Amino acid sequence: MNDLYQSFIKNERQQQLFSLAENLSKKIKERAKEADRNAAFSFENLQDLKESGYVSLTLPNEYGGEGISLYEFLLLQEKLAEGDGSTALAIGWHLGIVMELRDERLWDESVFKNIAGEISKNKKVLNRASTEPATGSPTRGGVPETSAVKDGRSYILNGRKTFTTMAPALDYFIVTAFMEETDSVGSFLIKKEDPGVHIDPTWNTIGMRGTSSDDLLLKDVRVPKERLVELKNAGGKKSAKGWLLHIPACYSGIAIAARNEAVRFAKNYQPNSLDTPIAEVPHIQQKIGEMEIELLKARHLMYSIAERWDQQPHQQEHMGPELAAVKLVVTNAAYRVVDLSMRIAGGRSLSKEYPFERYYRDVRAGLHNPPMDDITIQMLAKRAIENE
Ligand SMILES: Cc1cc2nc3c(=O)[nH]c(=O)nc-3n(C[C@H](O)[C@H](O)[C@H](O)COP(=O)(O)OP(=O)(O)OC[C@H]3O[C@@H](n4cnc5c(N)ncnc54)[C@H](O)[C@@H]3O)c2cc1C
């Protein structure tokens, strides 16, 4: 057992859940290099996640899930990301959205029950498609250019969504669209087999290449009005979104992988100028210690906020700034840890023979997942000024 996780595993249930993630993490690690090279989501990884029951974990027990808490979710996602960040981020969206639907009861119960059955029995997966070329990040409040026009008992949707993680493997897309008749934004449940749904394989990035976050194209897609599932812009009833902490958990897992690789390297590499491995050299120990500090600070913050979220539901509404701060602190710490790990390995860290350069590229993407750092800093500053 790796000590890095042991201090956060608090009971037998968490240990069992963690073991599941640990096994999956080992398996998906073996395919990470190939998925990265091909910029292609690993369907084999998804199959493993489905067969193990991982895709149902955030469903309520009565709908065939495990009803896992936010704290448990992060523990599993962090371990999974240690094996492969792309797969963890992808399934993190699915599980996180299901958690949001479960906790906020955003959808009509019969629609949610139906989807829950599709997830638990038929292993279906979903994600939100909210980003567009013109709006950029939906967190900035831009109105979607994707349109939904009422036609009798149906809506007809047209538009293009970018950054749709896991697009080729998704069964359902939750798509935001502007409805001119009511001058409002709604979210529609789109099935992959709906006529007019296409995936444009645009994803060719430097980092998180294995997420296949392609474009989703909707051309005259007709959906019955019951599939207008939400009436607010990809949001919920609560402004604070605990489930979004799957993002920092993912980048923390990538940082742990880099840290482990660097420590292993330092213990095993002995140049002929030294009579010990470089792990004994003061400047290397300095860097290892700095990685530990970064991880300790970031992870204790993340897990303590998650625990508070789970244990004090009445406080959740006011936790937006803390949740955002966790994302900022963890993703930036992860970035520094990967940088330090590469300084420890030296020039070899640039080689495709080692995973460091992939961690370096992957961890960079964390900066561009929501919420963005400038929004977080402004949120914290405003709260401080208002409360004084
Ligand atoms: C790996 C990965 C996976 C993703 N998966 C998904 C997914 O599954 N579904 C999904 O919907 N989205 C997804 N996204 C998209 C993500 O949530 C963002 O929408 C996307 O990264 C664009 O954000 P941005 O800040 O670069 O874009 P923009 O909002 O276009 O910002 C570009 C630049 O302009 C600045 N800017 C823009 N607007 C403002 C403003 N109003 N005020 C101040 N500054 C502004 C930003 O700070 C930034 O510097 C994913 C992104 C990544 C990297």
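Side chains included, hydrogens not; waters and symmetry mates left out as well; all remaining heavy atoms used. Counting begins at 1 with the first residue of the sequence. Atoms within a ligand are numbered from 1 in the order they appear, just like the ligands themselves. Predicted, not measured: the structure shown is a model, and the values here were computed from it.
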Does some non-hydrogen atom of the protein lie less than 4.0 angstrom from atom 41 (N) of ligand 1?
yes

Identity and distance of the protein heavy atom lying nearest atom 1 (C) of ligand 1
Leu89 CD2, 3.8 Å

Between Ser213 and ligand 1, which part of the residue brings a heavy atom under 4.0 Å of the ligand: side chain, backbone, both or neither?
side chain

Please name the pair of heavy atoms, one in Phe73 and one in Gly96, separated by the smallest distance, quoted to 0.1 Å.
CZ-N, 3.6 Å

Please work out whether any backbone atom (N, CA, C, O) or any side-chain heavy atom from C-beta onward of Thr205 is under 4.0 Å from ligand 1, and answer side chain, backbone, both or neither.
neither

Given salt bridge (Lys or Arg N to Asp or Glu O under 4.0 Å), test Arg31 with Asp48 step by step and report yes or no.
CA-CA 12 Å; Arg31 304 180 190 124; Asp48 284 338; 2.9 Å; yes

Is the closest heavy atom of Thr139 to ligand 1 under 4.0 Å?
no

Pair Arg227-Asp194, salt bridge (Lys or Arg N to Asp or Glu O under 4.0 Å): steps then yes or no
CA-CA 12 Å; Arg227 287 210 248 142; Asp194 285 333; 2.8 Å; yes

Answer yes or no: is there a donor N or O on one side and an acceptor on the other, between the side chain of Glu72 and the main chain of Ser69, under 3.5 Å?
yes

Among Arg364, Arg209, Met372, Arg140, which one puts a heavy atom closest to atom 45 (C) of ligand 1?
Arg140

With nothing but distance in play, are any N or O atoms of Thr131 less than 3.5 Å from an N or O of ligand 1?
yes

Heavy-atom closest contact (Leu17 atom, Leu76 atom, distance):
O-CD2, 3.2 Å

Sub-4.0 Å protein heavy atom next to atom 49 (O) of ligand 1:
no

Looking at Trp309, Trp243, Tyr303, which one forms a ring pair (Phe, Tyr, Trp, His ring centres under 6.0 Å) with Tyr71?
Tyr303

Ligand 1 to Thr164 polar contact by distance, N or O atoms, under 3.5 Å
no

Here's a test for you: under side-chain contact (heavy atoms from CB on, under 4.5 Å), which of Met99, Met319, Gln316, Glu104 qualifies with Lys241?
Glu104

Both conditions, 6.0 Å and 45 degrees, for the charged tip of Arg299 above the ring of Tyr5: are they met here?
yes

From atom 32 (C) of ligand 1, is the closest protein heavy-atom distance below 4.0 Å?
no

Nearest to atom 4 (C) of ligand 1, what protein heavy atom do you find, and at what distance?
Thr165 OG1, 3.4 Å

Flag: protein heavy atom within less than 4.0 Å of atom 38 (N) of ligand 1:
yes

Could you find the nearest protein heavy atom to atom 30 (O) of ligand 1 and give me its residue, atom name and distance?
Gly136 CA, 3.3 Å

Around Tyr360, counting heavy atoms of other residues, nucleotides and ligands shown, do more than 12 lie under 6.0 Å from its OH?
no

Please assess Thr164 against Asp214 for the test side-chain hydrogen bond (donor to acceptor under 3.5 Å, both in side chains), listing each intermediate value before the final yes or no.
CA-CA 5 Å; Thr164 309; Asp214 292 320; over 6 Å; no

Measure the distance from atom 27 (O) of ligand 1 to every protein heavy atom, then report the residue, atom name and distance (to 0.1 Å) of the closest one.
Ser137 N, 3.7 Å

Would you confirm whether the ring centroid of His300 sits within less than 6.0 angstrom of the ring centroid of Phe8?
yes

For ligand 1, is Pro138 a contact, meaning one of its heavy atoms is under 4.0 Å away?
yes

Could you tell me whether Arg128 and ligand 1 have an N or O pair separated by under 3.5 Å?
yes

Checking the N or O distance criterion of under 3.5 Å, is ligand 1 in contact with Asn127?
yes

Considering only protein heavy atoms, which is closest to atom 52 (C) of ligand 1, and at what distance to one decimal place?
Asn369 ND2, 3.2 Å

Arg264/Glu261 under salt bridge (Lys or Arg N to Asp or Glu O under 4.0 Å): CA gap, chis, key distance, verdict:
CA-CA 5 Å; Arg264 259 196 305 275; Glu261 200 72 30; 3.1 Å; yes

Can you tell me the protein heavy atom closest to atom 17 (O) of ligand 1 and the distance?
Pro370 CD, 3.5 Å

Going by distance only, is there an N or O of Ser130 that falls short of 3.5 Å from an N or O of ligand 1?
yes

Under 3.5 Å between some N or O of ligand 1 and some N or O of Phe163?
yes

Show your reasoning for whether salt bridge (Lys or Arg N to Asp or Glu O under 4.0 Å) applies to Asp36 and Arg358.
CA-CA 8 Å; Asp36 175 66; Arg358 186 175 77 247; 5.2 Å; no

Looking only at protein heavy atoms, what sits closest to atom 26 (O) of ligand 1 is His368 ND1, 4.4 Å

